[in-house]
J.: 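Here's a structure for you.
Letters A, B, ... mirror the listed sequences (proteins, then strands); counts begin at 1. Source: prediction; values computed, not measured.
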Protein chains: 2
Amino acid sequence: MDPIKVMVNGLPGNMSTKAAEHILQESSLKLIPYALTGPEIEATEAKIGADAVKLIKPDERQQMMESIKQTEGMVICVDYTHPSVVNDNATFYCENGLPFVMGTTGGDRTRLAETVLGSDTAAVIAPNMGKQIVAFQAMMEYAAETFPDVFKGYGLEIKESHQQGKADTSGTAKAMIGYFNLLGVPFAKDQIEMERDPGVQQSEWGVPEAYLKGHGWHTYSLRSQDGTVFFQFTHNVNDRDIYARGTIDAIHYLAKKIDEGAKGHVFTMIDVLKGA
Amino acid sequence: MDPIKVMVNGLPGNMSTKAAEHILQESSLKLIPYALTGPEIEATEAKIGADAVKLIKPDERQQMMESIKQTEGMVICVDYTHPSVVNDNATFYCENGLPFVMGTTGGDRTRLAETVLGSDTAAVIAPNMGKQIVAFQAMMEYAAETFPDVFKGYGLEIKESHQQGKADTSGTAKAMIGYFNLLGVPFAKDQIEMERDPGVQQSEWGVPEAYLKGHGWHTYSLRSQDGTVFFQFTHNVNDRDIYARGTIDAIHYLAKKIDEGAKGHVFTMIDVLKGA
């Protein structure tokens with residue numbers, strides 16, 4: 001089978017670079033040597049392994065894309081760009097009939113979905129590409145819906161550690177609170193214990209030095225009122241490889257769906273996980 | 001509303017005593033002062049708090065039960081007896097139209113269910129009365145069925161600690177292996193790391209001294225091949241209170257179902273959890 005051609009947009013950003021590097025290692029995928037980039041980027045190309053990828057500015061993207069489509073045929077786009085251009089990029093992909101995997105967060109998410117639904121193409125839209133994290137969240141959602149109040153009377157502690165630059169509370173932790181509330185445990189966002197001090201992260205949490213600048217560690221602890229029962233769930237992610245791997249699965253899934261004729265359809269990571 | 005009358009069978013055993021103590025503290029339940037016991041028990045009564053409970057031997061149980069039914073009316077039985085009498089007791093409850101909560105493990109489980117299905121009464125049959133543990137197992141089962149292979153490529157470590165007297169591997173840990181296998185992680189029962197040494201339990205695991213003689217601690221750790229992602233699930237249970245609390249919920253659930261006319265029906269802890 002011919003490899004699936006993939007255009008990774010958002011280079012030379014960190015996440016798009018990581019995704020491109022992983023794609024380069026997959027024999028079933030082919031990284032095409034073009035990428036959309038922002039107007040503020042001065043570089044004209046990005047190095048991915050030994051490959052040079054030409055960076056395309058917004059004002060030249062329509063013309064370039066027409067030529068790329070002529071040369072390459074069907075291309076799947078991967079978007080790790082910026083919240084401010086999520087909607088504009090989605091419109092561009094849809095108008096050009098390009099299936100895409102949207103890994104960028106933010107923007108107007110309702111409009112994003114509507115853009116795809118009204119188009120002739122399809123997309124995987126996933127604010128979190130970490131398959132195992134998404135699966136764990138789905139497990140928690142299932143428990144919350146199926147067994148309301150099962151942890152009633154339990155105390156909850158949520159701790160998370162992220163690189164120093166991350167000012168806001170973890171989005172994953174915030175989503176998890178909703179599930180715990182349904183499971184019978186009152187808890188508010190400001191009760192999450194955030195750690196941003198690299199010294200403490202290394203000495204007390206055990207975050208490896210190499211990942212002090214890029215990690216997301218979460219621990220949820222539940223204790224019964226009488227102290228005899230203790231549950232703890234932990235998910236610690238270093239670097240961005242988990243998201244790159246999820247992106248690759250999303251590409252394969254989307255290619256299959258396009259092959260089966262999907263049009264005007266939004267898929268989620270839950271769909272990718274189910275593989276259906 | 002009148003309290004639900006409950007007969008706890010298996011006194012003076014540890015688990016039945018714990019259940020009876022919890023029932024005594026519930027204003028919505030009334031512990032009746034009679035309990036079935038084994039032929040080898042020499043005591044004629046058991047003390048539950050300030051209450052004396054008369055112990056009934058197998059040879060006198062039919063006669064006593066008829067008199068109890070006359071005095072007390074509807075009684076729900078709780079069975080924490082012995083694997084060797086699970087089926088005989090179930091037959092006895094069914095023949096006497098007594099709804100029951102079967103917390104005793106072992107026996108012929110198929111025949112146990114059939115006995116209830118062919119009767120005019122109903123039962124909650126639960127090899128594990130720990131509601132939160134059952135909920136966690138259900139979450140894992142859901143994930144295994146919904147997201148097969150999502151942890152493919154991950155390494156798994158299972159550690160469990162139980163009181164020194166427990167010779168076999170944890171049943172919960174063994175059940176969990178099946179889910180992890182479906183999630184894409186090969187793992188065999190003999191890879192479970194069992195800890196039975198009280199010294200190690202106290203110094204390395206941190207099991208409180210008071211619970212060295214009665215605890216069930218379990219930790220499941222998943223690590224991605226490249227080491228960047230780490231998941232860990234822990235459930236630590238000290239003493240038997242979680243099972244007593246689950247028993248109380250099962251009694252309330254069964255009383256409600258009997259009230260609604262349930263006959264010849266087997267309920268599980270999942271039903272109790274769903275509360276439907």
J.: Quick one: what part of A/L183 sits under 4.5 Å from any heavy atom of chain B, side chain, backbone, both or neither?
T.: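 No part of A/L183 comes within 4.5 Å of chain B.
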J.: Does atom CD of B/Q191 have more than 12 heavy-atom neighbours from other groups under 6.0 Å away?
T.: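 Enclosed: over 12 neighbouring heavy atoms sit under 6.0 Å from CD of B/Q191.
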J.: Answer with side chain, backbone, both or neither: which region of B/R245 has an atom nearer than 4.5 Å to a non-hydrogen atom of chain A?
T.: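 Side chain only.
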J.: Using a cut-off of under 4.5 Å on heavy-atom pairs, state which of B/V229, B/T219, B/I133 scores highest against chain A.
T.: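 The answer is B/V229.
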J.: Is the shortest side-chain heavy-atom distance between B/F230 and A/H235 below 4.5 Å?
T.: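 Not touching, per the 4.5 Å side-chain cut-off.
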J.: To the closest 0.5 Å, what do you measure between CD (B/Q232) and CZ (A/F233)?
T.: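 Going from the CD atom of B/Q232 to the CZ atom of A/F233 covers 11.5 Å.
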J.: What heavy-atom pair brings A/A135 and B/V150 nearest, and what distance separates the two atoms?
T.: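 Nearest heavy atoms, A/A135 then B/V150: CB-CG2, 4.1 Å.
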J.: Is it the side chain or the backbone of B/S224 that comes within 4.5 Å of chain A heavy atoms, both, or neither?
T.: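 Contact with chain A: side chain only.
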J.: Go through A/V134, A/T146, A/D239 and name the one with the most non-hydrogen pairs under 4.5 angstrom from chain B.
T.: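 Winner by heavy-atom pair count: A/T146.
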J.: Measuring from A/D241:CG to B/D226:CG, what's the distance to the nearest 0.5 Å?
T.: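 Spacing of CG (A/D241) from CG (B/D226) equals 5.0 Å.
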J.: Would you say B/K166 has more than 12 foreign heavy atoms packed within less than 6.0 Å of its NZ?
T.: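 Yes, the 6.0 Å shell around NZ holds more than 12 heavy atoms from other groups.
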J.: Could you please state which residues from residues 136-143 of chain A sit under 4.5 angstrom from chain B, measuring non-hydrogen atom to non-hydrogen atom, sorted by number, or 'none'?
T.: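 When heavy atoms of chain B are the reference, residues 136-143 of chain A contributes A/F136, A/A138, A/M139, A/M140, A/Y142, A/A143 within the under-4.5 Å range.
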J.: What do you reckon, is NZ of A/K174 surrounded by more than 12 foreign heavy atoms closer than 6.0 Å?
T.: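 Yes, NZ of A/K174 has more than 12 neighbouring heavy atoms, counting only those of other groups under 6.0 Å.
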J.: Tell me, side chain or backbone of B/L222 under 4.5 Å from chain A's heavy atoms, or both, or neither?
T.: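 Neither part.
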J.: Give the member of B/T228, B/I270, B/I242 that has the highest number of heavy-atom pairs under 4.5 Å with chain A.
T.: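 Greatest number of close heavy-atom pairs with chain A: B/T228.
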